[in-house]
Amino acid sequence: MIREVTALDDPQLPLVLLRAALSAVEGQAVVRQALSESPPEGPCHVIALGKAAAAMARGARSVLDGGLARALVVSRQGHLDFTLCSDPRIRCVEADHPVPGPLSLEAGRQLLAFIDSTPADHCLLFLISGGTSSLVEVPVSGVGGERLAVLNEWLLGAGLDIAVMNRVRSALSRIKGGRLGQRLAGRKLRALLISDVPGDDPAVIGSGLLAAGSVLAPWPVLPAHLEWVGRCAQPPLLPAEVPRFPLRVVANLEQACAAVEAAARDQGLPVFRHREFLEAEAAATGEALARTLLDAEPGVHIWGGETRVTLPPEPGRGGRNQHLALAAARVLAGHDGVRLLAAGTDGSDGNSLDAGALVDGGTVSRGKAAGLDAAASLEKADSGRFLAAAGDLIHTGPTGTNVMDLVIGVVAASRPGRAE
């Protein structure tokens with residue numbers, strides 16, 4: 001019993017549990033495991049795309065060894081590493097994220113060139129993770145980088161479901177919505193994917209480069225300055241129009257949540273797994289989760305998902321996890337013995353390089369002492385600045401994975417004010 005009380009009272013416990021989750025879904029490890037179970041035959045040409053591209057490529061290289069003919073690795077700026085890029089067989093490309101730009105279009109050009117120069121009888125191994133939608137693009141005729149940027153700025157700030165965003169993106173793309181898969185008909189191809197979408201649908205991950213969706217998401221109401229989108233949009237492909245390739249999801253949110261649960265149980269802690277997928281507005285979600293924790297049994301409480309934020313015209317610093325955490329901190333204010341961590345598993349959150357935040361009953365007072373107001377920060381989507389002043393931001397750096405977001409709540413075994 002002493003061990004349990006000490007662990008739940010440890011302010012570092014949520015961070016320890018987060019590290020366990022990230023380790024369980026890390027790109028290098030999951031790709032190495034998958035390829036060790038079923039190695040590709042013959043010379044293999046690897047295409048790694050997304051925020052976890054570098055880690056996934058390292059995993060493939062460790063198994064393929066001399067069987068790796070060459071590779072193209074496209075990731076977000078700051079997510080590549082020298083040891084990988086110094087391999088003469090591997091071409092590393094940094095592209096734009098979260099809004100596609102000129103580097104994304106260049107990455108798309110290099111992707112098609114890489115495929116076209118691969119011998120038809122050689123293996124193509126795709127390694128796809130979240131972030132691919134922005135990082136690699138080949139737009140339809142009449143749509144350039146400037147138009148894509150304006151459109152995606154609106155999509156990201158409108159609080160839309162990922163499937164709705166992907167329908168619009170795919171309508172303007174020559175590679176998304178299964179169109180790259182259609183182009184690769186007859187090729188020897190397989191893909192490993194790290195899922196950052198609900199349901200782990202390959203037609204949604206990375207906007208579905210190799211698979212078309214069976215369910216058509218609704219088309220959103222677009223503002224007047226985006227009226228050109230309808231004129232340029234192409235009809236979606238049907239699943240029957242895209243070849244069926246071996247596509248395997250090797251890491252997802254469920255595995256990350258299970259790793260948190262296992263790590264907590266290994267320490268002898270009570271664990272409460274909350275199965276509802278978090279997808280509503282971030283601030284409202286944060287408030288609701290904080291109220292749940294104030295009334296909860298002592299132990300570790302686990303949620304997963306991806307909430308939404310509708311951004312004001314000139315948003316400040318932060319992202320949905322920081323927004324959720326600050327909203328939760330307002331409810332937790334003055335309550336001891338309760339902590340809430342909200343973090344993106346990719347190591348970044350919104351327009352910041354912080355993964356999220358770990359808040360408690362003193363967060364609001366610490367930020368206030370620095371001259372900031374929590375309510376005003378939420379209204380201006382400037383949660384990151386408040387949480388930085390409070391000392392509550394989490395910085396992991398690139399994690400080598402991307403399986404949406406984790407929320408970990410810890411309720412101490414004995415805390416003042418809790419009704420017994």
Side-chain angles (χ1 to χ4, degrees), residues 4-26 196 251-280 282 285-307 319-329 331-332 335-349 354-363 383 387 390-396 399 401-413 415:
E4 175 184 316
V5 171
T6 302
L8 288 175
D9 285 347
D10 186 346
Q12 297 299 308
L13 176 61
L15 297 173
V16 171
L17 298 176
L18 174 64
R19 286 195 291 270
L22 297 179
S23 177
V25 293
E26 194 271 333
D196 68 332
N252 60 15
L253 180 63
E254 169 62 25
Q255 290 168 244
C257 290
V260 175
E261 182 173 2
R265 292 197 188 283
D266 284 347
Q267 296 191 45
L269 303 175
V271 179
F272 302 89
R273 181 81 174 275
H274 301 271
R275 296 285 176 175
E276 66 266 32
F277 183 82
L278 303 180
E279 57 184 343
T285 301
E287 293 170 1
L289 297 186
R291 286 192 291 268
T292 295
L293 290 175
L294 289 178
D295 292 332
E297 293 295 320
V300 174
H301 296 256
I302 308 164
W303 293 269
E306 193 167 277
T307 60
R320 59 180 177 263
N321 288 291
Q322 293 165 58
H323 203 72
L324 185 156
L326 182 55
V331 176
L332 297 179
H335 294 275
D336 294 330
V338 182
R339 296 179 180 84
L340 180 142
L341 177 152
T345 54
D346 62 351
S348 60
D349 185 33
D354 301 294
L358 171 57
V359 298
D360 57 32
T363 294
S383 301
L387 293 165
D392 291 345
L393 289 175
I394 299 169
H395 185 77
T396 63
T399 60
T401 193
N402 184 15
V403 295
M404 296 184 280
D405 304 332
L406 283 173
V407 177
I408 302 171
V410 175
V411 180
R415 59 184 179 86

Q) Please walk me through it: do Val300 and Leu8 pass side chain to side chain contact (heavy atoms under 4.5 Å, CB included)? A) CA-CA 8 Å; Val300 174; Leu8 288 175; 4.3 Å; yes

Q.
Would you say that Pro11 contacts Arg339 through its side chain, given a criterion of any heavy-atom pair below 4.5 Å between the two side chains?
A. yes

Q. Who are the salt bridge (charged side-chain N to carboxylate O under 4.0 Å, His left out) partners of Arg265, not counting sequence neighbours?
A. Glu261

Q) What closest approach, in Å, do His323 and Ala282 show between heavy atoms, and which atom pair accounts for it? A) CD2-CB, 4.0 Å

Q) Can you find a heavy atom in the side chain of Gln255 that is under 4.5 Å from one in the side chain of Val403? A) no

(Q) Tell me the closest heavy-atom pair linking His274 and Trp303, and the distance in Å. (A) CB-NE1, 3.0 Å

Q: State the CG-CG distance between Asn321 and Leu326, to the nearest 0.5 angstrom.
A: 12.5 Å

Q | Heavy-atom pair of closest approach, residues Ala355 and Thr396 | A | CB-OG1, 4.0 Å

**Q.** Results of side chain to side chain donor-acceptor pair (under 3.5 Å) for Asn252 - residues two or more places apart only
**A.** Asp200

Q) So do the side chains of Val410 and Leu340 get within less than 4.5 Å of each other, counting heavy atoms only? A) no

Q: Report the residues that fulfil side-chain contact (heavy atoms from CB on, under 4.5 Å) with Thr363, sequence neighbours left out, ordered by chain and then residue number.
A: Ala329, Val359, Asp360, Arg366, Phe386, Leu387, Ala390, Asp392

Q: Can you sort out the partners of Glu279 under salt bridge (charged side-chain N to carboxylate O under 4.0 Å, His left out), two or more places apart, ordered by chain and number?
A: none

Q: Quick one: list whatever passes side-chain contact (heavy atoms from CB on, under 4.5 Å) with Ala263, sequence neighbours left out.
A: Leu17, Ala20

Q) Backbone N or O of Met404 within a donor-acceptor pair of the Thr345 side chain at under 3.5 Å? A) yes

Q) What is the minimum heavy-atom distance between Ala280 and Thr307, and which atoms define it? A) O-CB, 3.2 Å

Q: Of all the heavy-atom pairs spanning Ala357 and Ala325, show the shortest one and how long it is.
A: CB-CB, 3.9 Å

Q: For Ser348, enumerate each residue passing the side chain to side chain donor-acceptor pair (under 3.5 Å) test, keeping only those at least two apart in sequence or located in another chain.
A: Arg76, Asp346

**Q.** Sequence neighbours excluded - salt bridge (Lys or Arg N to Asp or Glu O under 4.0 Å) pairs with any residue from residues 401-410
**A.** Arg320-Asp405

Q. Got a sec, which residues hit salt bridge (charged side-chain N to carboxylate O under 4.0 Å, His left out) with Asp349, two or more places apart in sequence or on another chain?
A. none

Q) Is it true that Glu254 and Arg275 make a salt bridge, defined as a side-chain N closer than 4.0 Å to a carboxylate O? A) yes

Q. With Ala21, which residues qualify under side-chain contact (heavy atoms from CB on, under 4.5 Å), at least two apart?
A. Ala256, Val260, Leu406

Q | Derivation of the side chain to side chain contact (heavy atoms under 4.5 Å, CB included) call for Leu278 and Leu289 | A | CA-CA 10 Å; Leu278 303 180; Leu289 297 186; 3.9 Å; yes

Q) Is any side-chain heavy atom of His301 closer than 4.5 Å to a side-chain heavy atom of Leu293? A) yes

Q.
I need the Leu13 CG to Leu358 CG distance, nearest 0.5 Å.
A. 9.5 Å

Q | Which atom of Ala7 lies closest to which atom of Leu269, heavy atoms considered | A | CB-CD2, 3.6 Å

Q: Give the intermediate values and the outcome of side chain to side chain contact (heavy atoms under 4.5 Å, CB included) for residues Ile302 and Val407.
A: CA-CA 6 Å; Ile302 308 164; Val407 177; over 6 Å; no

Q) Applying salt bridge (Lys or Arg N to Asp or Glu O under 4.0 Å), which residue pairs with at least one partner in residues 285-294 are found, sequence neighbours left out? A) none

Q) Is there a donor-acceptor pair under 3.5 Å between the side chain of Asp354 and the backbone N or O of Gly356? A) no

